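So that we are looking at the same thing, I have put the structure below in structure tokens.
These numbers were taken from a predicted model, which means no experiment stands behind them.
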Amino acid sequence: MKRNKKLLFLAIIVLIGVLVSSILLKPSKEERYAQEYLKEFYNISDYELCSYLTADKSSSSINDDSIKSINYFTENGYDQFVSCQIYDFYEEYAYKNKCTLSVKSISTNQEKYDPDEGLWKFSFIAEIELHYSETDQTEMIEQHGIIAILSENGEKKIDSIVIANQNEIIEE
């Protein structure tokens with residue numbers, strides 16, 4: 001009887017530990033928001049839809065409809081995203097190389113939280129599969145960066161995104 005009580009007590013302790021760790025390890029809303037955006041950003045299932053990128057960029061204005069998920073950004077985040085031409089780098093690569101991109105995994109890690117500003121910063125690693133249609137070859141790449149999420153008027157928005165090794169996918 002005494003042994004059964006010890007086993008029951010041990011089982012309860014283990015169950016509590018599992019529940020607590022699953023709650024603590026669950027990504028925050030902000031982290032899930034960042035992951036959701038990155039999955040959408042890196043997935044390009046039809047490179048032919050990126051043909052608008054062949055236009056002369058110097059003489060044409062940016063078409064907001066062509067930029068994936070514009071509603072994810074603060075005004076500052078959008079301006080930075082467009083000025084760094086992050087918005088079309090991967091689509092242009094996909095179009096020129098006739099390939100698709102699909103996210104295999106995204107890991108994030110909270111680097112900073114500023115409660116006064118309502119700002120979260122996450123580092124991320126995205127594992128992306130590139131599939132080249134002409135050769136039927138696949139390649140895995142890792143993209144590293146930082147994404148900042150700002151709470152703006154009760155909504156989560158991307159305030160900045162920096163991709164540290166964006167140019168590494170270009171093999172010339």
Side-chain angles (χ1 to χ4, degrees), residues 14-47 49-50 52-53 55 57-58 60-95 99-130 140-170:
V14 168
L15 181 61
I16 290 171
V18 168
L19 289 173
V20 167
S21 64
S22 69
I23 290 169
L24 293 177
L25 295 176
K26 184 178 176 183
S28 67
K29 289 178 186 177
E30 295 76 21
E31 189 168 7
R32 285 192 307 272
Y33 185 85
Q35 291 171 347
E36 176 185 315
Y37 173 74
L38 290 167
K39 284 178 187 172
E40 183 174 328
F41 173 71
Y42 281 117
N43 277 318
I44 299 173
S45 59
D46 188 351
Y47 61 84
L49 294 177
C50 303
Y52 69 90
L53 294 166
K57 292 178 193 170
S58 62
S60 64
S61 62
I62 296 166
N63 178 359
D64 288 346
D65 293 335
S66 69
I67 300 174
K68 281 186 172 181
S69 51
I70 191 171
N71 294 327
Y72 278 93
F73 290 93
T74 63
E75 187 175 335
N76 176 61
Y78 174 79
D79 290 345
Q80 180 256 338
F81 189 72
V82 171
S83 69
C84 294
Q85 294 188 333
I86 295 171
Y87 69 95
D88 69 352
F89 178 84
Y90 296 94
E91 290 178 345
E92 186 171 14
Y93 182 84
Y95 182 74
C99 70
T100 59
L101 283 73
S102 60
V103 174
K104 294 303 172 190
S105 70
I106 291 183
S107 59
T108 52
N109 186 44
Q110 184 172 322
E111 299 293 331
K112 180 182 175 183
Y113 170 59
D114 185 337
D116 295 331
E117 291 185 32
L119 182 69
W120 292 261
K121 286 191 178 181
F122 300 96
S123 59
F124 69 85
I125 299 173
E127 291 188 19
I128 303 159
E129 180 181 84
L130 288 77
M140 293 297 292
I141 62 169
E142 273 190 4
Q143 297 290 272
H144 305 256
I146 301 283
I147 187 167
I149 308 297
L150 182 67
S151 184
E152 185 177 79
N153 300 322
E155 286 188 85
K156 307 292 184 247
K157 299 278 186 169
I158 297 169
D159 195 49
S160 70
I161 182 169
V162 176
I163 301 168
N165 62 334
Q166 174 176 321
N167 292 325
E168 288 180 11
I169 71 168
I170 300 173

query: If you round to the nearest 0.5 Å, how far is OH of Y37 from CZ of F124?
result: 9.5 Å

- prompt: Are side-chain heavy atoms of K39 and E36 found at a separation under 4.5 Å?
  reply: no

Which pairs would a plain distance check flag for residues 106-115, meaning a side-chain donor or acceptor within less than 3.5 Å of a matching protein atom at least two apart in sequence or in another chain?
unit_1 : atom_1 : unit_2 : atom_2 : d
T108   : OG1    : E31    : OE2    : 2.4
T108   : OG1    : Q35    : NE2    : 2.8
N109   : ND2    : E111   : OE2    : 3.2
E111   : OE2    : S123   : OG     : 2.7
D114   : OD1    : D116   : N      : 3.0
D114   : OD1    : E117   : N      : 3.3

field: CD on E142 to CD on E127, rounded to 0.5 Å
entry: 5.0 Å

For S45 against T100, the heavy-atom pair lying closest together: O-CG2, 3.4 Å

query: Only one of I158, D79, D159 forms a side chain to side chain contact (heavy atoms under 4.5 Å, CB included) with T74, so which one is it?
result: D159

message: Looking at K156, I want to see if its NZ is surrounded by more than 12 non-hydrogen atoms of other residues, nucleotides or ligands under 6.0 Å.
response: yes

Partners passing ring pair (Phe, Tyr, Trp, His ring centres under 6.0 Å) against Y33 (at least two apart in sequence or in another chain): Y72

task: May I ask you to decide if I161's main-chain N or O and Q80's side chain share a donor-acceptor pair within less than 3.5 Å?
output: yes

task: Rounded to the nearest 0.5 Å, what's the gap from CZ on F41 to CD1 on I147? Could you check?
output: 9.0 Å

field: Distance in Å, I149 CD1 paired with E155 CD, rounded so as to fall on 0.5 Å steps
entry: 12.5 Å

task: Compare all side-chain heavy atoms of I44 with those of Y93 and state whether any distance is below 4.5 angstrom.
output: no

- request: Determine, stepwise, if the pair Y90 / Q143 fulfils side-chain contact (heavy atoms from CB on, under 4.5 Å).
  value: CA-CA 11 Å; Y90 296 94; Q143 297 290 272; 2.5 Å; yes

query: L101 versus L130: any side-chain heavy-atom pair under 4.5 Å?
result: yes

message: Apply side-chain contact (heavy atoms from CB on, under 4.5 Å) to residues E30 and F122 and explain how you reach the verdict.
response: CA-CA 9 Å; E30 295 76 21; F122 300 96; 4.0 Å; yes

message: Return the NE2 to CD1 distance between H144 and I125, rounded to the nearest 0.5 Å.
response: 5.0 Å

